[in-house]
Amino acid sequence: MVQEAEKCKAEDEDHKKKVEAKNALENYAYNMRNTIKDEKISSNLGPDDQKKIEAAIEQAIQWLDANQLAESDEFEDKMKELEGICNPIIAKMYQGAGGAAMDDDDAPPAGGSGAGPKIEEVD
């Protein structure tokens, strides 16, 4: 019985990691989509950069729809790919605007998981 429980625990951990990676990618894509649709942000983005981000987001969302059962490392790779496109453009936009054109409330989602804060369990 203990062996079966340990086996199930390992499977649960794998599933949890997969779901978290999928959710992180999904959240990042949709948050980035909402960010670039904000007039304050889009007015500071060049049309080419905006189209590049929109295309990358759309591709990531389509990939997510087609690959719901992908493994966690595949979701993580796709996340890195999307961040690799979006983050430099957003960083360039902030540097070009001198950071003064936007308040902290207007900031795009930070790099990383994009999943937001998490509550940690305390023993």
Side-chain angles (χ1 to χ4, degrees):
M1 219 154 73
V2 172
Q3 288 176 329
E4 186 176 332
E6 288 176 6
K7 179 183 171 199
C8 289
K9 181 180 179 183
E11 289 174 1
D12 288 347
E13 288 296 321
D14 289 344
H15 184 70
K16 179 181 176 186
K17 185 177 177 184
K18 184 170 142 179
V19 168
E20 287 175 348
K22 177 182 170 276
N23 287 344
L25 174 58
E26 195 169 47
N27 287 338
Y28 183 81
Y30 284 106
N31 283 339
M32 188 58 68
R33 176 192 270 176
N34 291 337
T35 297
I36 65 168
K37 286 186 178 183
D38 185 329
E39 288 183 30
K40 293 177 186 176
I41 303 290
S42 64
S43 65
N44 291 321
L45 277 176
D48 291 339
D49 287 340
Q50 190 164 356
K51 286 179 185 176
K52 188 175 181 181
I53 289 176
E54 287 172 352
I57 291 168
E58 192 59 37
Q59 179 194 15
I61 291 171
Q62 287 176 359
W63 183 88
L64 269 167
D65 290 342
N67 295 285
Q68 291 289 313
L69 301 176
E71 294 300 318
S72 61
D73 59 337
E74 293 175 283
F75 289 120
E76 291 166 1
D77 290 344
K78 200 65 171 173
M79 175 76 153
K80 287 177 186 172
E81 182 182 322
L82 183 58
E83 285 178 330
I85 294 168
C86 296
N87 287 348
I89 294 171
I90 298 297
K92 182 176 76 172
M93 178 195 69
Y94 276 111
Q95 289 171 350
M102 289 172 253
D103 297 330
D104 288 339
D105 295 340
D106 299 328
S113 71
K118 296 190 180 206
I119 299 174
E120 296 181 15
E121 292 183 23
V122 179
D123 289 335

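Side-chain atoms are counted along with the backbone in the values below, which use heavy atoms only and exclude waters and symmetry mates.
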Check your understanding: Just wondering, are more than 12 heavy atoms of other shown residues or ligands nearer than 6.0 Å to CD in Glu4?
Key ->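 Counting neighbours around CD of Glu4, 12 or fewer heavy atoms of other residues, nucleotides or ligands fall under 6.0 Å, so no.
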Practice item. Walk me through it: do Glu26 and Asn23 pass the test side-chain contact (heavy atoms from CB on, under 4.5 Å)? Key: CA-CA 5 Å; Glu26 195 169 47; Asn23 287 344; 4.0 Å; yes
Reported [atom1]-to-[atom2] distance for the pair [X] and [Y], which is rounded to 0.5 angstrom:
X	Y	atom1	atom2	result
Ile53	Leu82	CD1	CG	9.0 Å
Glu83	Leu25	CD	CG	9.0 Å
Ile90	Met93	CD1	CE	4.5 Å
Ile57	Ile85	CD1	CD1	9.5 Å
Asn34	Asp38	CG	CG	9.0 Å
Met32	Lys37	CE	NZ	13.5 Å

Practice item. Apply the test side-chain contact (heavy atoms from CB on, under 4.5 Å) to residues Glu13 and Lys17: give CA-CA distance (whole Å), side-chain angles for both, the deciding distance (0.1 Å), then the verdict. Key: CA-CA 6 Å; Glu13 288 296 321; Lys17 185 177 177 184; over 6 Å; no
Which pairs would a plain distance check flag for residues 68-78, meaning a side-chain donor or acceptor within less than 3.5 Å of a matching protein atom at least two apart in sequence or in another chain?
unit_1	atom_1	unit_2	atom_2	d
Gln68	OE1	Lys22	NZ	3.3
Gln68	NE2	Leu64	O	2.8
Glu74	OE1	Glu71	N	2.7

Practice item. Not counting sequence neighbours, list each pair that qualifies as a salt bridge (Lys or Arg N to Asp or Glu O under 4.0 Å) and has a residue in residues 47-58. Key: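 Found Arg33-Glu58, Asp49-Lys92.
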Check your understanding: Under a 4.5 Å cut-off applied to non-hydrogen side-chain atoms, are Tyr30 and Ile61 in contact?
Key ->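 They are in contact (side-chain heavy atoms under 4.5 Å apart), so the answer is yes.
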